[in-house]
Amino acid sequence: MRFTRLLYQALLISTFGGVLFVLTSVLLFPLRKAPSFAATFTFPNEALTLENWTPQNNQIPAASVSENSSLVAAKQYRYQGQDRYNLDLDIRYLINTSANLPKLLQRQIGIKPSLITQHHEKGVGFYGLFTTEEKTYLSACINPRGASSLTKEQFAQNRLIHDLHPSWSIPWLLGQNPLTDRRCLWTTLSIPLEDLSPEEAYPLLESAWVQIYDWWAPRFPES
């Protein structure tokens, strides 16, 4: 009983000491400018290896990056399947974004899908599937922490859960990182309809997406 009481007191003292240290730092350095994420990043030139897909040398041009945009870097890769149909991967690094992918598709890619169906993969997160007159698409945001997201609400939920955690919020109080990590690796996969029907393309897009997520999630750009 006495040991339990001493342990409880030690935990209280340790917690109080940590809080006191953070508050002291905030009071002593109240005018420090909050850090921001580096607005530079370079995607690898070599395409990620995907099972059943062969990277093509004729990579399509990357999207242009505007200085006034949340878009920091972009890269596009092209793959060819065993039956000679193509798979295009468009991946973009965004900062200070709400990660509202339906709006981003229209504003940054010029696609206004009439219907996006939301799906969820255990161990990965949310993603959206949709079809235009020309292609079948899969789109999702790889989050810096937490599962992938499709909507701004899902992205905000990840920020609420992971950015308010002591492992992130205490460094923020110390001026070591921004309050919220509003970054996203926006990933869009597509297959032309002339090659496959949507019903045939969706499983291929989903398989490639899981591989891309598994590779990029632990390699998310450093802050």
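Keep in mind that this is a model prediction, so the values were computed, not measured. Numbering starts at 1 and runs along the sequence shown.
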| said: Suppose we screen for side-chain contact (heavy atoms from CB on, under 4.5 Å). Which residues come up paired with Asn100, at least two apart in sequence or across chains? | reply: Ser98, Pro102, Lys103, Lys152
| message | Show, in sequence, the C-alpha distance, side-chain angles and deciding distance for Tyr127 and Ser149, and conclude whether the side-chain contact (heavy atoms from CB on, under 4.5 Å) test is met. | response | CA-CA 6 Å; Tyr127 61 92; Ser149 61; over 6 Å; no
| field | Leu101 to Cys141 - nearest heavy-atom pair and separation | value | CD1-N, 3.5 Å
| field | Taking every non-hydrogen atom, the tightest pair across Tyr213 and Ile142 | value | CD1-CG1, 3.9 Å
| Common cluster, Leu87/Ile212, ILVMFWY with side-chain heavy-atom separation under 4.5 Å | yes
| query | With Glu121, which residues qualify under side chain to side chain donor-acceptor pair (under 3.5 Å), at least two apart? | reply | none
| note | Here the salt bridge (Lys or Arg N to Asp or Glu O under 4.0 Å) pairs for residues 124-142, sequence neighbours left out, are Asp88-Lys135
| request: Quick one: sort the His120 and Phe126 rings into parallel, tilted or perpendicular, breaks at 30° and 60°. | output: perpendicular
| query | Heavy atoms, side chains only, cut-off 4.5 Å: are Asn45 and Lys75 in contact? | reply | yes
| remark: CG (Asn96) and CG (Leu71) are apart, to the nearest 0.5 Å, by 12.5 Å
| message | Apply side-chain contact (heavy atoms from CB on, under 4.5 Å) to residues Tyr137 and Leu189 and explain how you reach the verdict. | response | CA-CA 6 Å; Tyr137 292 85; Leu189 294 152; over 6 Å; no
| said: Grouping I, L, V, M, F, W and Y whenever their side-chain heavy atoms are under 4.5 Å apart, do Leu48 and Val124 come out in a common cluster? | reply: yes
| query | What heavy-atom pair brings Leu196 and Ile191 nearest, and what distance separates the two atoms? | reply | CD1-CG2, 4.2 Å
| said: Given 3.5 Å as the limit, does a donor-acceptor pair link the side chain of Gln154 with the main chain of Leu150, or not? | reply: yes
| field | Asn143 versus Arg183, side-chain donor and acceptor atoms under 3.5 Å | value | no
| query | Looking at CD of Glu51 and CD of Gln211, how far apart are the two atoms once the value is rounded to the nearest 0.5 Å? | reply | 5.5 Å
| request: Identify the heavy atoms of Thr136 and Pro198 that sit nearest to each other, and give their distance. | output: OG1-CA, 3.6 Å
| Minimum heavy-atom distance Arg92-Ala74, with the two atoms named | CG-CB, 4.0 Å
| Checking side-chain contact (heavy atoms from CB on, under 4.5 Å) for the pair Thr187/Leu138: CA distance, chi angles, key distance, verdict? | CA-CA 8 Å; Thr187 307; Leu138 182 152; over 6 Å; no
| When hydrophobic residues are tied together by side-chain contacts of less than 4.5 Å, even through go-betweens, does Leu185 share a cluster with Trp215? | yes
| With sequence neighbours excluded, what pairs up with Arg219 under the side chain to side chain donor-acceptor pair (under 3.5 Å) test? | none
| note | Smallest heavy-atom separation, Ile91 atom then Tyr77 atom, equals CG2-CE1, 4.1 Å
| So, do Phe220 and Trp216 have ring centers that fall under 6.0 Å from each other? | no
| Considering only heavy atoms from C-beta outward, does the side chain of Val72 approach that of Leu94 to under 4.5 Å? | no
| Among Arg84, Arg78, Gln82, side chain to side chain donor-acceptor pair (under 3.5 Å) partner for Gln80 | Arg84
| Can you tell me how far the CH2 atom of Trp209 sits from the OG atom of Ser139, to the nearest 0.5 Å? | 8.5 Å
| message | Going by side chain to side chain donor-acceptor pair (under 3.5 Å), name the residues that satisfy it together with Asn86, two or more places apart in sequence or in a different chain. | response | none
| request: With sequence neighbours excluded, tell me which residues meet side chain to side chain donor-acceptor pair (under 3.5 Å) with Thr131. | output: Tyr202
| query | Would you call the rings of Phe43 and Phe41 parallel, tilted or perpendicular if under 30° counts as parallel and over 60° as perpendicular? | reply | perpendicular
| Cluster check Phe155, Ile95: I/L/V/M/F/W/Y, side chain < 4.5 angstrom | no
| Relative to the ring of Tyr85, is the ring of Trp53 parallel (under 30°), tilted (30 to 60°) or perpendicular (over 60°)? | perpendicular
| task | Ignoring hydrogens and angles, tell me if any N or O in the side chain of Gln108 forms a donor-acceptor pair with the backbone of Gln106 under 3.5 Å. | result | no
| field | Glu200 side chain vs Ser197 backbone, donor-acceptor pair below 3.5 Å | value | yes
| message | Just by distance, no angles: are the side chains of Trp186 and Thr97 close enough, under 3.5 Å, to form a donor-acceptor pair? | response | no
| request: May I ask you to say whether Arg145 pairs ionically with Asp181, meaning some side-chain N is under 4.0 Å from a carboxylate O? | output: yes
